[in-house]
Engineer: 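One structure is given below, represented as structure tokens, and several questions about it will come after.
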Amino acid sequence: MACYALVDCNNFYASCERAFRPELNGRPVVVLSNNDGCIIARSGEAKALGIDMGTPYFKCRALLERHGVAVFSSNYALYGDMSARVMRILTRFCPAVEVYSIDEAFCDLSGVPGGAEAYGRRLRATVLAWTGIPVSVGIARTKTLAKLANRFAKKQDRSRGVFDLTTSPDPDRVLRWTDIGDVWGIGPRHAKRLRAMGVTNALQFRELDRDWVKKKMTVSGLHTLLELRGLPCHDFASGPADKKTIVSSRSFGHPVTRLDHMLEATAQYTTRAAEKLRKQQSVASAILVYLQTNSFRLGQPQYANTLSVPLAVATNHTPTLIRAAQTAMERIFKPGYQYKKCGVMLSGLEPEHGRWLNLLALPPDHRPGDAPLMRAVDRVNHRWGRDTVAFAASGITRDWRMKRDMRSPRYTTVWEEILQVRAK
DNA sequence: TCTGGGGTCCTAGGACCC
DNA sequence: TCTGGGGTCCTAGGACCC
């Protein structure tokens with residue numbers, strides 16, 4: 001019988017910041033989204049102050065200052081590297097690991113020696129000792145139940161970070177304790193509707209009629225129901241699946257009004273998206289661009305538009321993609337507006353090798369030298385850091401760039417920012 | 001002044017074909 | 001003038017996830 005452990009890092013981004021600043025232990029810490037927009041991670045102390053996830057920074061700034069909260073801009077170079085370290089440890093000690101997100105992984109603990117719970121405790125202690133990141137471990141027969149067990153492990157002090165639902169004397173009590181809105185797969189819309197019917201916890205949901213659930217919540221809802229009953233519906237995936245779409249978009253540091261700035265940003269985001277595309281060895285057959293004004297500014301004139309253009313031949317050649325994206329952007333850009341954000345999306349992704357070729361158009365990356373050039377650019381940027389080699393179309397000063405006024409050093413990925421230790 | 005970014009899956013409905 | 005059923009493909013929108 002399958003036995004899954006969900007290993008989830010506690011307050012991951014806040015914990016990453018703390019791992020290098022031990023003086024912050026016991027102090028409230030929050031991390032902001034891109035552009036220092038809203039709160040996306042909180043230490044336990046920050047949660048206790050009543051700071052909600054997703055709160056705009058400017059709305060809670062005074063409260064944060066009053067309580068001496070340490071505030072950080074997000075530092076994805078640091079979080080990505082810390083995540084890789086955690087995942088390497090899990091991979092080393094577990095027979096099979098599915099990395100589910102930057103801070104979570106499902107581990108197959110079927111048949112581990114000494115029992116799953118003891119194994120989970122050793123995993124937890126090892127990750128903490130080797131990375132400084134505290135994790136919680138929830139163990140169960142299905143992924144949905146493992147999620148639920150993990151939450152219980154996090155919230156109930158007496159489980160000390162690990163909870164095994166498969167050996168629990170009263171698993172139904174844990175389901176009754178779990179609010180309907182905290183069940184994996186049940187979002188705010190369905191939760192509201194279920195509550196209105198008197199279904200307020202996971203146990204009550206589990207007892208609902210399956211046909212009713214399928215009709216009202218599609219097969220996704222049915223899978224959630226069956227998983228709560230112990231029937232696995234979500235398979236264990238060992239490798240990451242290839243993406244079907246790739247998006248790159250950002251809000252600007254301040255409003256953009258000029259077409260040339262918009263075209264620079266378009267080129268920059270296209271460059272990012274193309275890098276991701278080549279990393280999974282795919283080519284894109286269409287590119288979509290969009291732009292929008294700030295919809296929170298009700299008094300200002302609003303405009304948003306998108307344009308999707310098919311590519312004659314699927315490609316991952318950055319200059320070709322930039323040309324297509326900029327041409328599309330020129331067509332939807334209208335002067336006289338204060339733009340807040342733009343983005344590009346690559347779709348119709350296919351494997352790079354063994355794809356169909358259009359008989360009427362020469363594949364752009366079949367020009368001799370194009371593919372090797374892209375490979376060389378990727379290698380240089382991987383070795384020496386992002387944008388060591390960049391495309392001129394992305395601009396030099398990049399006035400539109402996002403704000404990150406409080407970013408911590410990239411301790412683990414940039415030599416100049418490495419942690420310094422001084423002897424007294 | 002200041003409100004994130006990147007994804008997946010499912011379903012309904014329209015266009016089009018035989 | 002009216003009448004049919006079955007199928008595919010694509011898109012938009014909704015809901016969810018981290």
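In what follows, every chain begins at residue 1, and chains take the letters A, B, ... in the order their sequences are listed. Reckoned from all heavy atoms, side chains included, excluding hydrogens, waters and symmetry mates.
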Engineer: According to side chain to side chain contact (heavy atoms under 4.5 Å, CB included), who are the partners of Arg189(A), at least two apart in sequence or on a separate chain?
Structural biologist: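 Here no residue qualifies.
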Engineer: State whether Lys155(A) and Asp182(A) are salt-bridged, where the test is any N-O pair (Lys NZ or Arg NE/NH1/NH2 against Asp/Glu carboxylate O) under 4.0 Å.
Structural biologist: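 Answer for the salt bridge query: no.
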Engineer: Using a cut-off of 4.0 Å on non-hydrogen atoms, how would the nucleic acid contact of Asp103(A) be classed: base, sugar-phosphate, or nothing?
Structural biologist: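 Sugar-phosphate, no base atom in range.
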Engineer: Looking across every strand, which nucleic acid part, if any, lies under 4.0 Å from Ser74(A) by heavy atom: base, sugar-phosphate, or nothing?
Structural biologist: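 The answer is nothing, as Ser74(A) stays clear of every strand by at least 4.0 Å.
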Engineer: Centres of the Tyr4(A) and Phe236(A) rings: under 6.0 Å?
Structural biologist: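 Under 6.0 Å, so yes.
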Engineer: Mind checking if Ile246(A) touches a base, just sugar-phosphate, or nothing, with heavy atoms under 4.0 Å?
Structural biologist: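 Sugar-phosphate: the residue Ile246(A), judged by heavy atoms under 4.0 Å, touches backbone atoms but no base.
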Engineer: Extract, from 5' to 3' on DNA chain B, the first and final nucleotides lying under 4.0 angstrom from some heavy atom of chain A.
Structural biologist: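 So the outermost contacting nucleotides come out as dC2(B) to dT11(B).
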Engineer: Hey, which of these two, Ser220(A) or Tyr76(A), hits DNA chain B nearer its 5' end, going by closest nucleotide?
Structural biologist: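 Its nearest nucleotide lies further toward 5', so the answer is Tyr76(A).
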Engineer: Describe the nucleic acid contact of Lys214(A) in one word from base, sugar-phosphate, nothing, applying a heavy-atom distance below 4.0 Å.
Structural biologist: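 It contacts nothing in the nucleic acid.
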Engineer: Looking for any heavy atom pair under 4.0 Å, which part of the strands does Val31(A) touch: base, sugar-phosphate only, or nothing?
Structural biologist: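 Val31(A): no heavy atom of the nucleic acid under 4.0 Å.
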Engineer: Check whether the side chains of Ser101(A) and Glu104(A) place a donor and an acceptor atom closer than 3.5 Å, and report yes or no.
Structural biologist: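 Per modelled atom types, Ser101(A) and Glu104(A) side chains form a pair under 3.5 Å.
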Engineer: Using a strict threshold of under 4.0 Å (side-chain N to carboxylate O), is an ion pair present between Arg206(A) and Asp172(A)?
Structural biologist: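 Salt bridge between Asp172(A) and Arg206(A), a charged N being under 4.0 Å from a carboxylate O: yes.
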Engineer: What is the nucleic acid contact for His190(A), judged by heavy atoms within less than 4.0 Å: base, sugar-phosphate only, or nothing?
Structural biologist: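 Result for His190(A) = sugar-phosphate.
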Engineer: For a quick check under 3.5 Å, do Ser408(A) and Glu17(A) share a side-chain donor-acceptor pair by atom type?
Structural biologist: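 Glu17(A) and Ser408(A) do have a side-chain donor-acceptor pair below 3.5 Å.
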Engineer: Suppose we define a pair by two distances each less than 3.5 Å, Watson-Crick or G-U wobble; what does dC18(B) pair with here?
Structural biologist: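 With both distances under 3.5 Å, dC18(B) matches dG5(C).
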Engineer: Taking Asp378(A) first and then Arg278(A), would you say they form a salt bridge - that is, a charged N and a carboxylate O separated by under 4.0 Å?
Structural biologist: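 Yes, Asp378(A) and Arg278(A) are salt-bridged.
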Engineer: Could you check whether Lys215(A) gets within reach of a base, just the sugar-phosphate, or nothing at all, counting any heavy atom under 4.0 Å?
Structural biologist: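 Nothing, no heavy atom under 4.0 Å.
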Engineer: Just to be sure I understand the rule, does Ile186(A) reach a base, reach only the sugar-phosphate, or reach nothing, if contact means heavy atoms closer than 4.0 Å?
Structural biologist: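 Since only primed, P, OP1 and OP2 atoms lie under 4.0 Å of Ile186(A), the category is sugar-phosphate.
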Engineer: Looking across every strand, which nucleic acid part, if any, lies under 4.0 Å from Arg272(A) by heavy atom: base, sugar-phosphate, or nothing?
Structural biologist: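 Touches nothing.
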Engineer: Contact class for Tyr57(A) (heavy atom, under 4.0 Å): base, sugar-phosphate, or nothing?
Structural biologist: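 Since no nucleic acid heavy atom lies under 4.0 Å of Tyr57(A), the category is nothing.
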Engineer: Would you mind classifying the nucleic acid contact of Thr55(A) as base, sugar-phosphate or nothing, using non-hydrogen atoms under 4.0 angstrom?
Structural biologist: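 No contact.
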Engineer: Mind checking Asn35(A) for me? I need base, sugar-phosphate or nothing, with any heavy atom below 4.0 Å counting as a touch.
Structural biologist: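 Contact class for Asn35(A): none.
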Engineer: When all nucleic acid strands are considered with a 4.0 Å heavy-atom cut-off, which category describes Arg61(A): base, sugar-phosphate, or nothing?
Structural biologist: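 Counting heavy atoms under 4.0 Å across all strands, no contact is made by Arg61(A).
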Engineer: For His223(A) and Arg297(A), find the nucleotide of DNA chain B closest to each by heavy atoms; which residue's nucleotide sits nearer the 5' end?
Structural biologist: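 The residue mapped nearer the 5' terminus is Arg297(A).
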Engineer: How far, in whole Å, is dT3(B) from dC18(C) if one measures between their P atoms?
Structural biologist: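 dC18(C) and dT3(B) have their P atoms separated by 25 Å.
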